[in-house]
Structure formats: C-alpha cells, structure tokens
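Structure record follows, encoded as structure tokens.
Note: hydrogens, waters and symmetry copies are ignored here, and every other heavy atom, side chains too, is used.
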Amino acid sequence: FHSRVWITYRRGFPQIGGGTYTTDAGWGCTLRSGQMLLANALQSHFFDGVSRTYVDLPGAPFSSAAGCQPTDNAWAPLVILVPLVLGLDRCVNPRYVPGIVRMLGLPQSVGILGGKPCASLYFVGAQDEELFYLDPHTVQLAVPLEQIWGCAQTGSPESGPFPTETYHCRSVLHMNARELDPSMVLGFYCRTRADF
C-alpha cells in the first residue's frame with residue numbers, strides 16, 4: 001500500500017491563472033484522484049517487474065534471447081478509463097459490488113476514481129467487500145519547482161531533497177463497497193496486446 005503514489009491537496013503553489021488560488025483544498029480532490037490513477041499507471045509502466053525484464057526467458061525484454069524474438073511493433077502500452085454509473089441511488093447498486101471487487105483484483109487494474117458523495121477517492125484494492133483507498137483530502141505544502149528541477153537536472157538536491165514522503169501514505173484506509181458513490185471511473189493499464 002505504501003508503494004502506491006499518493007497525491008493530495010497542496011498549498012503554497014503560485015497563483016493559478018492570475019487568480020487568488022494558492023491551494024486546491026476544497027475543490028481539487030477529483031483532479032488529485034485522477035493524478036493518482038495516472039501516476040500509478042506510469043509507475044506500473046516504468047517500474048513494475050524491473051527484475052523480471054532481465055531474466056533469461058522468452059518474453060523478458062532485456063534477456064539474452066530478446067534480440068532473437070519477433071516483436072509486435074503495432075502495439076503500444078495503453079491506459080483505458082471507463083466511466084460508469086452503477087445505480088441511481090446515493091450509493092452503488094449492491095448487485096455491482098462483487099464485480100467491483102473482482103475488477104480491483106485484475107492485474108491490469110490501476111484502480112477506481114470514485115468515492116463517497118461529494119468526495120473523490122482513489123481505490124486501489126479490495127478484500128471481501130472492503131475497498132482500500134488513498135484520500136487526497138490532506139493539505140500539504142507544494143514542492144517548489146526549483147527543488148523538483150534541481151534534483152532532476154543535477155542529481156544533487158541543492159535546495160533540499162525531494163520530499164517523497166509526502167507522496168506515500170502510511171495509513172491504510174478502507175470503506176465498505178456498498179457506500180461507494182455510483183459514479184466512478186475504472187482504470188486499466190495494458191502493457192501488451194495479451195493484457196488487452
């Protein structure tokens with residue numbers, strides 16, 4: 001759970017569009033939930049299974065046999081977002097709960113953007129009917145752009161190390177799937193054609 005990217009409200013960033021907003025607290029939870037889904041999909045693309053890419057077996061991209069295998073140049077990794085409304089009441093129709101739980105267990109799943117009425121959350125897993133989620137409703141300091149670019153360009157954190165701890169949640173949060181708002185977006189990451 002701690003390895004998932006957690007993106008929350010921020011405060012102290014430059015004013016948006018010349019306006020007065022220097023925080024997204026109170027209005028940015030859906031944006032932050034969407035950023036979490038995308039960040040975790042990118043993490044899957046770039047970092048998951050790194051050690052598996054080097055084993056000397058067919059299909060491992062950096063194995064000794066990789067140069068001898070045909071490739072499918074017509075395929076590119078793909079993130080699929082499926083917006084749904086699963087019920088007409090305040091909470092999801094209970095008949096859909098088993099499917100939601102199964103979907104979160106798929107290897108291609110990168111989670112669900114959803115939540116409770118008026119509060120977006122990012123769901124990353126399930127056990128029985130309990131859904132585990134990351135909550136963007138924590139306000140943290142914005143990371144200065146100079147700090148981000150300084151670390152990335154020079155490799156040395158001139159203005160201090162990048163605060164990765166503010167991007168990883170130590171609290172495991174959960175809720176019953178029957179409390180889920182019926183409006184949601186299912187996210188899938190397909191690295192290969194076989195994943196699709």
Is the closest side-chain heavy-atom distance between [X] and [Y] below 4.5 Å?
X: Leu104; Y: Leu131; result: yes
X: Leu86; Y: Ile100; result: yes
X: Arg178; Y: Cys91; result: no
X: Cys190; Y: Ile80; result: yes

Contacts of type side-chain hydrogen bond (donor to acceptor under 3.5 Å, both in side chains), residue [X], not counting sequence neighbours:
X: Tyr189; answer: His45
X: His168; answer: none
X: Gln35; answer: Arg32

Q: Report the C-alpha separation of Val92 and Val97 in whole Å, then their side-chain angles, then the decisive distance to 0.1 Å, and conclude whether the side chain to side chain contact (heavy atoms under 4.5 Å, CB included) test is met.
A: CA-CA 8 Å; Val92 68; Val97 169; 4.2 Å; yes
Would [X] end up clustered with [Y] when hydrophobic side chains under 4.5 Å apart are linked, directly or stepwise?
X: Leu31; Y: Leu42; answer: no
X: Phe196; Y: Met103; answer: yes
X: Tyr167; Y: Leu141; answer: no
X: Val82; Y: Leu121; answer: yes

**Q.** Pairs touching residues 94-120 that satisfy side-chain hydrogen bond (donor to acceptor under 3.5 Å, both in side chains), sequence neighbours left out
**A.**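 Applying side-chain hydrogen bond (donor to acceptor under 3.5 Å, both in side chains) to every pair that reaches into residues 94-120, excluding sequence neighbours, yields Ser33-Ser120.
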Q.
Tell me which pairs pass side-chain hydrogen bond (donor to acceptor under 3.5 Å, both in side chains) where either residue lies in residues 7-22, with sequence neighbours left out.
A.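 Non-adjacent pairs meeting side-chain hydrogen bond (donor to acceptor under 3.5 Å, both in side chains): Thr8-Gln140, Arg10-Thr166.
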**Q.** Aromatic ring proximity, centroids under 6.0 angstrom, Tyr122 and Tyr133
**A.**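 No, too far apart.
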**Q.** Rounded distance [0.5 Å steps], CZ in Phe123 versus CE in Met184
**A.**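 Reported to 0.5 Å precision, the distance equals 8.0 Å.
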(Q) Between Asn176 and Glu130, is the side chain to side chain contact (heavy atoms under 4.5 Å, CB included) condition met? List the steps. (A) CA-CA 5 Å; Asn176 189 283; Glu130 289 297 304; 3.5 Å; yes
Q) For Ser171, which residues count as a side-chain contact (heavy atoms from CB on, under 4.5 Å) partner, sequence neighbours excluded? A)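 Checked Ser171 against side-chain contact (heavy atoms from CB on, under 4.5 Å); matches are Cys169, Leu173.
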Q) Would Val185 and Leu37 satisfy side chain to side chain contact (heavy atoms under 4.5 Å, CB included), going step by step from the backbone distance to the final call? A) CA-CA 10 Å; Val185 177; Leu37 186 142; 5.6 Å; no
Q. For Arg170, does its backbone N or O pair with a side-chain atom of Trp6 as donor and acceptor, under 3.5 Å?
A.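 A pair under 3.5 Å: no.
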